[in-house]
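Heads up: the structure comes next, in structure tokens.
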Amino acid sequence: MAIRPTRREFLQRSAGLGGWLLGPQGVLGKNRTPARPPAVEPIFREIAAEVGLEFHHFSGPSVERYMPEIMGAGVALLDYDNDGDLDVYLVQGLPLAPAKQWVFPPPPGWKPGNRLFRNLLAETGRLQFEDVTEKAGVGWVGCGMGVAVGDYDNDGFQDLYVTNFGSNVLYHNNGDGTFTDVTRRAGVDDPRWSTSAAWLDYDRDGYLDLFVANYVDFTVTGHKQCFAPTGEPDYCTPKAYRAVPCRLFRNRRDGTFEDVTESSGLGSAYGPGLGVLAADLTNHGWPDIYVANDTAANCLWLNQGNGTFKEAALESGLALDANGIPKAGMGVTAEDIEDRGLLDLLVTNLTREGATLFRNDGRGQFDDATAQFGLLESTFPFTGFGTDFLDYDNDGQLDLFISNGAVTSMGSRRGSPYPFAQTNLLFHQENRHFRDVSRIAGPAFARPAISRGAAFGDLDNDGAVDVLVTNNCGPAWLLHNEAGRKAHWLELRLDSQGASSFGIGAKVALFRAGQKTLWRRSHADGSYLSSSDIRVHFGLGAYPRVDRVLVVWPDGSEEYWSNVEPDKIQTLRKGSGKKP
């Protein structure tokens, strides 16, 4: 005969299933305080000040509401001294209005100019940074926007291209801890308002070329007055100005570049360009260029393999959303989120537009699959900027980060001198669906800010991808990954032996018995105004055995390596593998 539980036993069992909690005197009633749930360890912990990244962006927001004040700035993660750890380059703003017109002053001790922070991990064994800007010679003072990282002369050291509202600058890495401004000699300046840039070997000659996105023809003297729906002064949208063409510079392989914007066909169409990435989106073996345009149709430049490009965003389904409407594109990222060997693409947009996820059908067409993947409603209230698909918990599925911050006044923050702050978003992928986990991601995800650039990389070499976020008129945040080191991983540094030396544009496949093939790509571009870790990262979850790694190099050649050890950072050198 079954023994019937007492009322007390029943309630105790029910408590474990989400029922009433039982205290020492019986059931906890309405006026009792229930036991606290166990503390949940945050996924990311903000540690910038703790590790010496003392940086505060300031653009001099003014009563005039000059557009460049609200748009910057970006950040780069790069190993500039080749000591095996990631250093940080942060782009600074510059006031366009006199101090008497600023809506608030800069923070104490603020000074203009970009900053380079050297990572001391290799020397000390712990994550710590020192400011080496003056020694390195990279403290450009200007109205900074973005930065792109690439080794344009194949000397094995990464160089910096900095975009600005005004003239841009190319810093050549001398290999001794210093840089030289070679902008004029190289011929890559653009005096207009440049935003994101990307290094790519579009003609596959082994040398990186340079693509530069430009925004609108804004000038301080031609500034227009714009207003919020409430009648208050506000920042203009790009529709108040004319868009200006992008630029493509071909590497002549002698330290100089040729402007091939017109001869390549890239001058035939353009919009207010913000986010940029270069990737082989149609699996034809050549890098294409995608530009997220603000309030205009996006551009897809398909590489024809003969030095020219064809604009094909509309016919490919990447120009507009599912309703045939252009959105206010800001940031962009592309990865193989379904492990099909195809790149899907995401663009971040304005508040009340939501992000757009374009799914690749493998036949050169893309469909708006935002709702299907669970990203429509969750991104709708935000203006997205920096973004990336990253496997933050190393479970083998790519997750998603989006930095947010408005560009026009938010009624909910009326009364604030700078009413544009929003919170950032983190999504966990669960078999083709992205679940919003921002509430448990860490305190930084509950802190409103005007976030802009975002760069992604493993700053302490523990196998977990960290995130460096820039905040307009705010401090930089280093979001240290606390979750990824609990699972297996692999990071690969590609060395293409003197031709596009860090393997930009290479495709990497990881094969494991009984598991899906994982495809990743070597790149530093994407996001918004920023440059990320060039190393290729794989999350392996609970299955650490790697049977084979295949690399498709930028020139189309293929090699594979067998029995690659997991939970390590390894270098794969071109020519040291085996032919398939």
Side-chain angles (χ1 to χ4, degrees), residues 57-73 92-106 112 142-146 163-167 190-195 213-245 270-274 292-297 325-330 348-353 381-385 404-422 448-452 471-474 528-529:
H57 177 269
F58 183 72
S59 60
S62 68
V63 294
E64 292 293 332
R65 300 291 199 272
Y66 293 133
M67 279 187 72
E69 297 169 356
I70 193 68
M71 300 302 294
Q92 184 58 273
L94 188 71
L96 299 177
K100 63 183 179 181
Q101 293 183 342
W102 297 349
V103 295
F104 54 80
C143 187
M145 287 290 132
T163 62
N164 301 284
F165 169 63
S167 289
D190 193 320
R192 296 170 295 184
W193 184 353
S194 299
T195 53
N214 287 317
Y215 195 42
V216 294
D217 66 345
F218 171 90
T219 62
V220 172
T221 55
H223 165 64
K224 299 177 182 179
Q225 293 288 338
C226 294
F227 300 90
T230 57
E232 300 163 319
D234 205 354
Y235 287 102
C236 295
T237 74
K239 290 183 178 181
Y241 301 91
R242 289 182 298 125
V244 291
Y270 52 89
L274 289 180
N293 288 319
D294 188 359
T295 70
I325 299 172
K327 291 184 176 180
M330 311 292 185
T348 58
N349 301 295
L350 198 66
T351 299
R352 293 185 296 279
E353 291 183 345
F382 300 94
T383 296
F385 280 90
N404 299 306
V407 290
T408 54
S409 298
M410 297 174 58
S412 60
R413 297 193 176 275
R414 188 174 298 163
S416 166
Y418 210 43
F420 310 104
Q422 296 180 333
I450 308 167
S451 295
R452 292 291 183 255
N471 293 307
N472 183 278
C473 290
Y528 174 76
L529 304 179

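By the 4.5 Å heavy-atom criterion applied to side chains, M330 and L350 are counted as neighbours. Counting only heavy atoms from C-beta outward, the side chains of C226 and R65 never approach each other to under 4.5 Å. Between W193 and V244 there is no side-chain heavy-atom pair separated by less than 4.5 Å. When side chains are defined from C-beta on, V220 counts as touching L96, because their heavy atoms get closer than 4.5 Å. The shortest distance between side-chain heavy atoms of M67 and Y241 falls below 4.5 Å. Side-chain atoms of V216 and P238, non-hydrogen and from C-beta on, do get closer than 4.5 Å to each other.
Taking the ring pair (Phe, Tyr, Trp, His ring centres under 6.0 Å) definition, one finds that F104 meets it with Y418, sequence neighbours left out. For F382, there are no ring pair (Phe, Tyr, Trp, His ring centres under 6.0 Å) partners two or more places apart in sequence or in a different chain.
For the residue pair N214 / S194, a side-chain donor-acceptor distance below 3.5 Å is found, with atom types taken as modelled. Under the 3.5 Å distance criterion, with hydrogens and angles disregarded, a donor-acceptor pair is assigned to the side chains of T351 and Q422.
Distance check: E64 CD to Q101 CD gives 5.0 Å after rounding to the nearest 0.5 Å. To the nearest 0.5 angstrom, S59 atom OG is 8.5 Å from Q92 atom CD. A distance of 7.5 Å separates CD in Q225 from SG in C236, rounded to the nearest 0.5 Å. Note that the CG atom of D234 and the OG1 atom of T408 stand 5.5 Å from one another [nearest 0.5 Å]. With rounding to the nearest 0.5 angstrom, the CZ atom of F165 is 8.0 Å from the CE atom of M145. Going from atom CG of L529 over to atom OG1 of T195 covers 6.5 Å, rounded to the nearest 0.5 Å.
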After noting the C-alpha distance and the side-chain angles of E232 and T230, does the key distance pass the side chain to side chain donor-acceptor pair (under 3.5 Å) rule?
CA-CA 6 Å; E232 300 163 319; T230 57; 2.9 Å; yes
Worked check of side chain to side chain contact (heavy atoms under 4.5 Å, CB included) between I450 and C473:
CA-CA 8 Å; I450 308 167; C473 290; 5.6 Å; no
I'd like to know whether V407 forms a side chain to side chain contact (heavy atoms under 4.5 Å, CB included) with Y235, so could you lay out the CA-CA distance, the side-chain angles of the two residues, the decisive distance to 0.1 Å, and finally the verdict.
CA-CA 7 Å; V407 290; Y235 287 102; 6.0 Å; no
Test S409 against F420 for side chain to side chain contact (heavy atoms under 4.5 Å, CB included), laying out the working first.
CA-CA 6 Å; S409 298; F420 310 104; 4.0 Å; yes
Verify side chain to side chain contact (heavy atoms under 4.5 Å, CB included) between F218 and H223, making sure each step is shown before the conclusion.
CA-CA 7 Å; F218 171 90; H223 165 64; 3.7 Å; yes
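Between the side chain of R452 and the backbone N or O of G405, at least one donor-acceptor pair lies under 3.5 Å. Without hydrogens or angle criteria, N349 side chain to K327 main chain gives no donor-acceptor distance under 3.5 Å. N164 places a side-chain N or O within 3.5 Å of a backbone atom of S167 that can act as its donor or acceptor partner. Judged purely by atom type and a 3.5 angstrom limit, T348 uses its side chain to pair as donor or acceptor with the backbone of F385.
K100 NZ: 12 or fewer foreign heavy atoms inside a 6.0 Å radius.
Between W102 and F58, the distance from one ring center to the other falls under 6.0 angstrom.
P417 and V103 get closest at one heavy-atom pair: O-CG2, 3.8 Å. Scanning all heavy atoms of the two residues, the minimum distance from S62 to A97 falls at CB-CB, 3.5 Å. Among all heavy-atom pairs drawn from G72 and N472, the shortest one is O-ND2, 2.7 Å.
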